[in-house]
Amino acid sequence: AQSVTQLGSHVSVSEGALVLLRCNYSSSVPPYLFWYVQYPNQGLQLLLKYTTGATLVKGINGFEAEFKKSETSFHLTKPSAHMSDAAEYFCAVSPGGYQKVTFGTGTKLQVIP
Amino acid sequence: GAGVSQSPSNKVTEKGKDVELRCDPISGHTALYWYRQSLGQGLEFLIYFQGNSAPDKSGLPSDRFSAERTGGSVSTLTIQRTQQEDSAVYLCASSFTARGGAGELFFGEGSRLTVL
């Protein structure tokens, strides 16, 4: 069984500041890890994913995440927040293959001008 | 190409009525999920279909909720005797899965259900 914990249901940052959204996972097998973003009144879309290989993954809109096996973490970062980054962010884990994806509870990011 | 399509986009119903929500996944996608997103809440997993396997119904909140997937494609989520707490956005997602991989989920825009 797998699970995902997102620390902080709400995060506020100033425009131009570092964005750090935390995600820790639990998985009995090497995981596949995802970050999805949901802009206001829209569906979810993939931001980035880790499958195998390089542990630093780059996604759309300047976001990146690093898979740290020793810490069972997959935190999402962006060096400089933009107003358009205000959205809800969901971390997800999958054992791969035909098994289902499990989502965290989400983190709402507010960007303050 | 066409994405995941959900209908209706909005549904207002009276308490006690039955509703059906439809999801058309991306052609060729073997996996299909239903989630519920209540106001201010995260994603609540409802049900997962994978190919011809028995669906994972572990997230259905009560026996008033059911879902089927016909011919491995279109899925219908049915809520019987709706209650006000059923008001939410119901999201459908599909993905192509294969042994040894983990496909990206593609989400529809959701069906917003309001129970009066």
Side-chain angles (χ1 to χ4, degrees), chain A residues 1-11 21 23 25 27 29-53 57 59-60 65 67 74 87-110, chain B residues 2-7 9-10 23-26 29-60 67 72 89-112:
Chain A
Q2 68 267 10
S3 65
V4 176
T5 301
Q6 291 186 242
L7 293 175
S9 59
H10 291 79
V11 170
L21 304 182
C23 172
Y25 69 90
S27 178
V29 298
Y32 295 89
L33 295 159
F34 308 83
W35 276 98
Y36 287 82
V37 60
Q38 185 179 31
Y39 296 106
N41 300 312
Q42 295 186 25
L44 279 79
Q45 63 183 90
L46 183 70
L47 198 56
L48 51 79
K49 69 177 180 181
Y50 168 79
T51 54
T52 59
V57 180
I60 61 173
F67 169 59
F74 192 57
E88 188 159 18
Y89 294 81
F90 294 90
C91 182
V93 63
S94 169
Y98 303 114
Q99 300 189 60
K100 74 183 183 189
V101 175
T102 299
F103 281 84
T105 52
T107 298
K108 287 187 178 177
L109 176 66
Q110 179 186 24
Chain B
V4 177
S5 178
Q6 292 189 245
S7 61
S9 55
N10 279 285
C23 174
D24 271 287
I26 293 172
H29 279 192
T30 55
L32 187 147
Y33 297 74
W34 282 99
Y35 294 92
R36 178 167 72 176
Q37 192 170 32
S38 303
L39 188 63
Q41 302 298 310
L43 289 173
E44 178 186 3
F45 166 75
L46 297 177
I47 190 168
Y48 168 56
F49 295 91
Q50 170 53 55
N52 295 320
S53 302
D56 179 346
K57 304 179 180 180
S58 61
L60 294 178
V89 176
Y90 290 81
L91 293 170
C92 176
S94 72
S95 73
F96 176 76
T97 57
R99 196 185 306 275
E104 169 189 354
L105 267 64
F106 291 83
F107 283 81
E109 294 292 313
S111 292
R112 182 178 298 277

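Residue numbers begin at 1 in each chain, while the letters A, B, ... track the order of the sequences.
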Peer 1: Does any backbone or side-chain atom of E44(B) lie under 4.5 Å from a heavy atom of chain A? Answer side chain, backbone, both or neither.
Peer 2: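 For E44(B), no heavy atom lies under 4.5 Å from chain A.
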Peer 1: Under 4.5 Å, counting heavy-atom pairs only, tell me which of Y33(B), F106(B), Y35(B) racks up the most with chain A.
Peer 2: Y33(B)
Peer 1: Would you say that Y36(A) contacts L43(B) through its side chain, given a criterion of any heavy-atom pair below 4.5 Å between the two side chains?
Peer 2: no
Peer 1: Answer with side chain, backbone, both or neither: which region of Q38(A) has an atom nearer than 4.5 Å to a non-hydrogen atom of chain B?
Peer 2: side chain
Peer 1: Where is the tightest heavy-atom contact between E104(B) and K49(A), given as atom of each residue plus distance?
Peer 2: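 Smallest heavy-atom distance, with atoms named: N-NZ, 4.5 Å.
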Peer 1: Find the distance between CD (Q37(B)) and CZ (F103(A)) and round it off to the nearest 0.5 Å.
Peer 2: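 Those atoms lie 10.5 Å apart.
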Peer 1: Do F45(B) and K100(A) come close enough that some side-chain heavy atom pair is under 4.5 Å?
Peer 2: yes
Peer 1: Please rank L44(A), T52(A), T107(A), T105(A) by heavy-atom pairs under 4.5 Å with chain B and give me the top one.
Peer 2: L44(A)
Peer 1: Quick one: CD on Q42(A) to CZ on F107(B), what's the gap to the nearest 0.5 Å?
Peer 2: 13.5 Å
Peer 1: More than 12 foreign heavy atoms under 6.0 Å from CD1 of I60(A): is that the case here?
Peer 2: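 Yes, because the 6.0 Å sphere around CD1 of I60(A) holds more than 12 heavy atoms from other groups.
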